[in-house]
Protein chains: 2
Amino acid sequence: MTEGKHTPAKGDGAEPGRDLQHIVTSADVAREAGVSRSTVSRCLSGDRRISEATRLRVQETANRLGYHVNKIARSMNTRKSDLIGLVTSGLSDPFRVEFLDKLILAIQQSGYRPLVIDVSDPAQMGTSMMHLLQYQVAGVVVTSGSPPPEVGVHFLKRNVPVVLVNRAGRLEGADVINCDNVRGGEMAADLLLETGKTRFGFLNVKGGTFSGNVRGETFVSRLAPRLASGDISFTPLVCDSADYDGGFNAALKFLATPETAPNAIFCAKDHIALGLLDAARFELGLRIPEDIAVVGFDDIAAARQGAYQLTTVCQSATKLAEMTVDRLRQRIRGDALTDQRLILPVEMTCRRTA
Amino acid sequence: MTEGKHTPAKGDGAEPGRDLQHIVTSADVAREAGVSRSTVSRCLSGDRRISEATRLRVQETANRLGYHVNKIARSMNTRKSDLIGLVTSGLSDPFRVEFLDKLILAIQQSGYRPLVIDVSDPAQMGTSMMHLLQYQVAGVVVTSGSPPPEVGVHFLKRNVPVVLVNRAGRLEGADVINCDNVRGGEMAADLLLETGKTRFGFLNVKGGTFSGNVRGETFVSRLAPRLASGDISFTPLVCDSADYDGGFNAALKFLATPETAPNAIFCAKDHIALGLLDAARFELGLRIPEDIAVVGFDDIAAARQGAYQLTTVCQSATKLAEMTVDRLRQRIRGDALTDQRLILPVEMTCRRTA
DNA sequence: TTGTACGCGTTATCAT
DNA sequence: ATGATAACGCGTACAA
């Protein structure tokens, strides 16, 4: 029995307009070019063992008919998909956006496609990641929140690699990539100590984040000897949201009495620092860095703008993205089977705020 | 012949580790629950005509086995996908990022999933959009560049709706959604005229963009009567890139001689205006708005920050996203068959730069 | 070099 | 209310 019979007999008439709905399949191309579906498939996937004559004929027919491989169908029988899940939460955090930008590019260049999942509600993170499983993603990158440990087993079972970027790594079987928060905290402390200021502070969002907490703790450890000798003081500072407004509003409060307020402040992330700077300069009339020295973390684009010129700990979004995709590909190929924890080096970018 | 035979006989032994690779299918659930695949399918797609007893049993078995519907396979059969293509070019333009943020959220809430395509090279836009066809996307949103007209026919043929947002609408069969660039240009002109300044300018990226050009042309038209009477002058201003650095560098040049340079400037978009402001204030020592009045367009988050307080034409990213998804859904449902051109109203947000 | 036959996991259809 | 069967579009052993 020939395969042609698979194609439902359409009768003979040409119903006008029907073709508008009809999707061109490899069978259509095969029939039109007078070959089998196998041949069409082989031509378009670059199989060597095909005659130049038929290859050209098939190519031409495919173009003429407007045929495009159905990747959905293809991935059904190869049981591989080139979709990669990207878990994020909003696009309001500037550094995360810069990272996603580079990540999307890197993913595409590797022949994969990013499927974005936005988890506004952290509680829904688990179910959201399960959704990704329904799409047979080849891998997942988590850039926000921390997935509940019980999802790990589902991804492990399916051999779907998960990479956590700048997150706490409590997920079983997942790789973790972080920038060097420890070294960053130390560098911030060292730099601020050099300013000669004596009232230190660390500004972070209420409750803290994984990265922020590490940065703050290391910062304080580094100050410890001087704190012990009584040279300097330290005050933990808190803002309501981890963004510009959070830094702005918090600064209005804790800088209200500049004589006693901290004057050497390390911020958990740049965006908070920018809010702090604006509140200090424009609302409270303080001079930077004479009255207050400020150090941020991330080195987002806005940090180098003329209005801010923020001194900050720089982590490279590009390198972070490259590391992420490299690791993902190793896992997908099956090269690497054991979890890994990678650290991206950071460096201090000195501008005008400290 | 019973369906069970579909499952390949695995022999009897339990090879350790093999299950790690095996994906749980509806057949597995069916066998385990003692029902047919059809029943499993119906249970999990919420079919009413199923007994409560079996429904519960199937649900439980599915959970226990860790079964997740394979949406890829489902969409093969239903010939519908819930993927929506998002065409963008980088995540460096702040307003576009804000729009994408809201768009991704709106798409998810409608039960669809965003598949992101980044087209850095405008020349590759056509082929990139064709890639989306391979994934059987239900619709496409274009937020960057202008697709070559010939792609229109491919999407039309497949009944895949395309929505162009803030783009030139030359694509056959596509819907177009724009903010009210015309009204925006007028409002900017009116506001700057009220300042009493006399030397007007419009700052845009070299070559211009669709939106920018419309804004600028309307701006000039509105100034026309006063230009004719000789009260005021107008100078077209150009920057190399449509971002902060572009505005910054351009301003350094054309503001070099402040006595004759334009002192009432409308910028094609906020980010350019921010660069201009910083160059004027910090590099050239000019006062805003006393020496120079500036109006932007978009009302991005940074525009309301204390450092800038930019007066600007506001378009709502949220509303734009809602309009986009609404239109997309109408098209996918097949309600709307004829192209449409929608306009999002804008309003002036007065802060401190004009 | 090319064709045949089968299966990927699901849902729609028809039958019971 | 439930089961059996036929597609969906593709890649690929196997055969020729």
Side-chain angles (χ1 to χ4, degrees), chain A residues 1-10 21-31 33-58 62 65 67-82 133-136 158, chain B residues 1-10 21-31 33-58 62 65 67-82 133-136 158:
Chain A
M1 173 201 286
T2 136
E3 258 209 338
K5 202 133 169 244
H6 270 282
T7 312
K10 297 279 178 50
Q21 304 279 15
H22 181 248
I23 296 175
V24 181
T25 74
S26 65
D28 296 326
V29 178
R31 196 181 330 101
V35 294
S36 74
R37 274 193 318 123
S38 321
T39 305
V40 174
S41 170
R42 286 193 265 256
C43 284
L44 276 63
S45 60
D47 198 312
R48 294 293 169 194
R49 44 179 201 181
I50 217 87
S51 81
E52 200 59 22
T54 47
R55 140 160 292 141
L56 285 172
R57 184 156 38 94
V58 169
L65 265 47
Y67 169 73
H68 301 276
V69 180
N70 183 334
K71 288 218 176 187
I72 299 292
R74 166 185 289 173
S75 75
M76 279 240 29
N77 84 26
T78 61
R79 263 173 301 184
K80 311 185 177 191
S81 123
D82 44 13
L133 242 26
Q134 302 184 336
Y135 290 90
Q136 314 298 106
R158 293 211 187 193
Chain B
M1 169 201 290
T2 137
E3 261 208 337
K5 203 133 168 245
H6 270 281
T7 311
K10 296 278 178 51
Q21 303 279 12
H22 181 250
I23 296 175
V24 182
T25 75
S26 67
D28 297 325
V29 179
R31 193 180 336 98
V35 294
S36 72
R37 277 184 307 153
S38 315
T39 303
V40 174
S41 171
R42 284 192 269 256
C43 285
L44 277 63
S45 61
D47 197 314
R48 294 291 168 196
R49 44 180 198 178
I50 216 86
S51 79
E52 199 58 23
T54 49
R55 139 162 293 141
L56 284 172
R57 184 158 37 95
V58 170
L65 265 48
Y67 170 74
H68 301 277
V69 180
N70 183 334
K71 288 217 176 188
I72 300 291
R74 166 184 289 172
S75 75
M76 281 232 38
N77 196 321
T78 61
R79 263 171 301 184
K80 309 184 179 193
S81 120
D82 43 14
L133 242 27
Q134 302 183 337
Y135 291 90
Q136 313 298 105
R158 292 212 189 191

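Basis for what follows: all heavy atoms, side chains included, without hydrogens, waters or symmetry-related copies. All chains are named by letter (A, B, ...) in the order of the sequence lines, taking the proteins before the strands, and each is independently numbered beginning at 1.
A donor and an acceptor atom never sit less than 3.5 Å apart when one is taken from the side chain of B/R37 and the other from the base of C/dG9. Counting distance only, with no hydrogens placed and no angle test, the side-chain atoms of B/T78 and the base atoms of C/dA12 include no donor-acceptor pair under 3.5 Å.
Between B/A73 and A/S51, it is A/S51 whose nearest contact on DNA chain C lies nearer the 5' terminus. Between B/V35 and A/N77, the one whose closest nucleotide on DNA chain D sits nearer the 5' end is B/V35.
Smallest separation of non-hydrogen atoms from B/M76 and A/A73: SD-CA, 3.5 Å.
The distance between atom CZ of A/R55 and atom P of C/dT2, rounded to the nearest whole Å, is 10 Å. Following rounding to the nearest Å, A/H68 (NE2) and D/dC10 (P) show an atom-to-atom distance of 12 Å. Nucleotide D/dT12 holds its P atom 16 Å from the CZ atom of A/R48, rounded to whole Å. What separates CG of A/D28 from C1' of D/dC10 is a distance of 13 Å, to the nearest Å. If you measure from atom CE of B/M76 to atom C1' of D/dA7, you get 9 Å, rounded to the nearest angstrom. In this entry the distance linking CD of B/E52 with P of D/dT2 reads 11 Å, nearest Å. Between the P atom of D/dG9 and the CD1 atom of A/I23 lies a distance of 6 Å, rounded to the nearest Å. Whole-Å rounding puts the B/N70 CG to C/dG7 C1' distance at 14 Å.
With a 4.5 Å cut-off on side-chain heavy atoms, A/V58 and A/L44 count as touching. The shortest side-chain heavy-atom distance between B/R42 and B/R49 falls under the 4.5 Å cut-off. Looking only at side-chain heavy atoms (C-beta outward), B/Q136 and B/R79 stay at 4.5 Å or farther from each other.
Within the 4.0 angstrom heavy-atom criterion, only backbone atoms of the sugar-phosphate kind lie near A/T54; the bases stay farther away. Using a 4.0 Å heavy-atom cutoff across all strands shown, B/R49 reaches at least one base atom of the nucleic acid.
Here B/D82 contributes atom CG and B/S75 contributes atom OG; the two are 7.5 Å apart, rounded to the nearest 0.5 Å. A distance of 11.5 Å separates OH of B/Y67 from CG of A/L133, quoted to the nearest 0.5 Å.
With hydrogens and angles ignored, the 3.5 Å screen pairs a side-chain donor or acceptor of B/T78 with a backbone N or O of B/R74. Of the possible donor and acceptor atoms, one in the side chain of B/S45 sits under 3.5 Å from a partner among the backbone N and O of B/S41. Here the side chain of B/R55 pairs no donor or acceptor atom with the backbone of B/I50 at under 3.5 angstrom.
Picking from D/dC10, D/dG3, C/dT2 the nucleotide with the shortest atom distance to the side chain of A/I50 gives C/dT2.
For the helix from C/dT1-D/dA16 to C/dT16-D/dA1, the end axes, each set by the C1' atoms of five terminal pairs, are bent relative to each other by 40° (nearest 10°).
Taking only side-chain nitrogens and oxygens, A/R79 never comes nearer than 4.0 Å to OP1 or OP2 of C/dC8. Between B/T25 and the phosphate of C/dG9, there is no side-chain N or O to OP1/OP2 separation shorter than 4.0 Å. Residue A/Y135 places no side-chain N or O under 4.0 Å from the OP1 or OP2 atom of C/dG9. Distances shorter than 4.0 Å separate none of the side-chain N or O atoms of B/S26 from OP1 or OP2 on C/dG9.
Legend: residues meeting side-chain hydrogen bond (donor to acceptor under 3.5 Å, both in side chains) with B/T39, ordered by chain and number and at least two apart, are B/S36.
Near DNA chain C, defined here as any heavy-atom distance below 4.0 Å, the residues from residues 39-47 of chain B are B/S41, B/R42, listed numerically.
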